[in-house]
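Computed from a predicted structure; not experimentally measured. First listed ligand is number 1; within each ligand, the first listed atom is number 1.
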Amino acid sequence: MHKIADGIYWTGAVDWNLRNFHGYSTSFGSTYNSYLIMDEKPTLIDTVKAYGFDEMLQRIKAVIDPSKIQYIVSNHTEMDHSGNIERMLEYCPHAEVVCSPKGEEHLKRHFPPAGRYGKKDWKFRVVNTGDTLSIGKRELTFFLTPMVHWPDNMVTYSASDNILFSNDAFGQHYASHERFADEVGLDVIFHEAAKYYGNIVMPYGTQVLPVLDALSTLRVDTICPSHGLIWRRGEDIKKIVSLYRRWASHETDNKVVIVYDTMWHSTEKMARRFYELINNANIPVVIMNLQDTHISDVVTEILSSKILLIGSPILNNRMLPTMASLLMYLKGLRPKKRHALTFGSYGWATVGFKELETSLTEAGFELISEGVYKKFIPDSADIEALSVMLPTIKKVLQKNNAQEN
Ligand code: FEO
């Protein structure tokens, strides 16, 4: 039994083996968090992904007879959180489903009246920002957080406990037998929170900022997200909220990330020389080969980097498919206030580089210079000549520093 606070229990499910969450590599598995609030009207905050039902039910039964649950709060319809509402209602058929207006609409599309478990009519209680629900000695308050990261999202706040049930916000894909972030390596948890933001929330920075403003008016001692570990230490809450504000504002470090793929090591030679030049200039730099690195890990580095150097050889007049995949992904994530430089090796046609440049621009990057492209195998003079780009890279970093200060 995992007690989070007096009368509040974690009733979630851990997936130790998850390695892919619709295209996002989850190296550390994931956790789907559900929380049971024991009060005069016992309330379940979110459920878990379908296959976690038995684990969730067993955890609930360890605390209460499930038939006594009066409310199921659905902060978000995506099926990793709401996938078991219908099945749960078989155990507590009188419970009301509390959700946002869009939540009701979305849930009805996911669970049509003739549902898989025969439940025909759900009792919806639709709430808006500022609405409250008395569940006994506690009063829950709801805040709609549209597009963080679906139109239906909301968070639930218990003022009696100073706990924010934040759903996807502040979450991390991380499997653990511990429940609190401070019980495991914080560097890993903050890294996974960054990966989560970069790959899930990044397109919605404009929507995140007003949510952070609204939440800043609340006293929050504990953040209970719906993925990963719970934030309970003041310094950790301050840091993760501050990071969300920074990420949502598209602020970056003076850091460069070099991403490349290669066929016969020519583009790789260029990438490695760029790495050497930038590293020797004492500029933080990361280098990633797309043959070995998942695009969701590349995005985690892009989240904190001001400049992306991106290199591909040409295959059949095009950039390599791995690079096209990354760029298509980035077009959806829409990073802002970031710069890029393209490079690569070609044999006889350069048209694919134009496509690379155009795709980067469409993804929101500002190109800092014309691309650097070398025919077949770059010789030592070609490799040496790459150093002419270093002043441009430095200038971009300094210029943005000046603008920020
Ligand atoms: Fe974790 Fe948007 O679901």
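Salt bridge annotation for R87-E90: absent, with no cationic side-chain nitrogen under 4.0 angstrom from a carboxylate oxygen.
The only option from H110, H106, H227 that meets the ring-ring contact (aromatic ring centres under 6.0 Å, His included) definition with H81 turns out to be H227.
Residue K354 places its NZ atom among 12 or fewer non-hydrogen atoms of other residues, nucleotides or ligands, all under 6.0 Å distant.
Here H227 meets the criterion, with an N, O or S atom under 2.8 Å of atom 1 (Fe) of ligand 1. The nearest N, O or S atom of H81 is not closer to atom 2 (Fe) of ligand 1 than 2.8 Å. The nearest N, O or S atom of D80 is closer to atom 1 (Fe) of ligand 1 than 2.8 Å.
Here the closest heavy-atom approach between residue C224 and residue I163 is recorded as SG-CG2, 3.7 Å. Heavy-atom minimum distance, T252 versus K337: OG1-O, 4.5 Å.
With atom 2 (Fe) of ligand 1 at the apex, H149 NE2 and D168 OD2 define an angle of roughly 90° (rounded to 10 degrees).
The atom name of the N/O/S atom in E78 closest to atom 2 (Fe) of ligand 1 is OE1.
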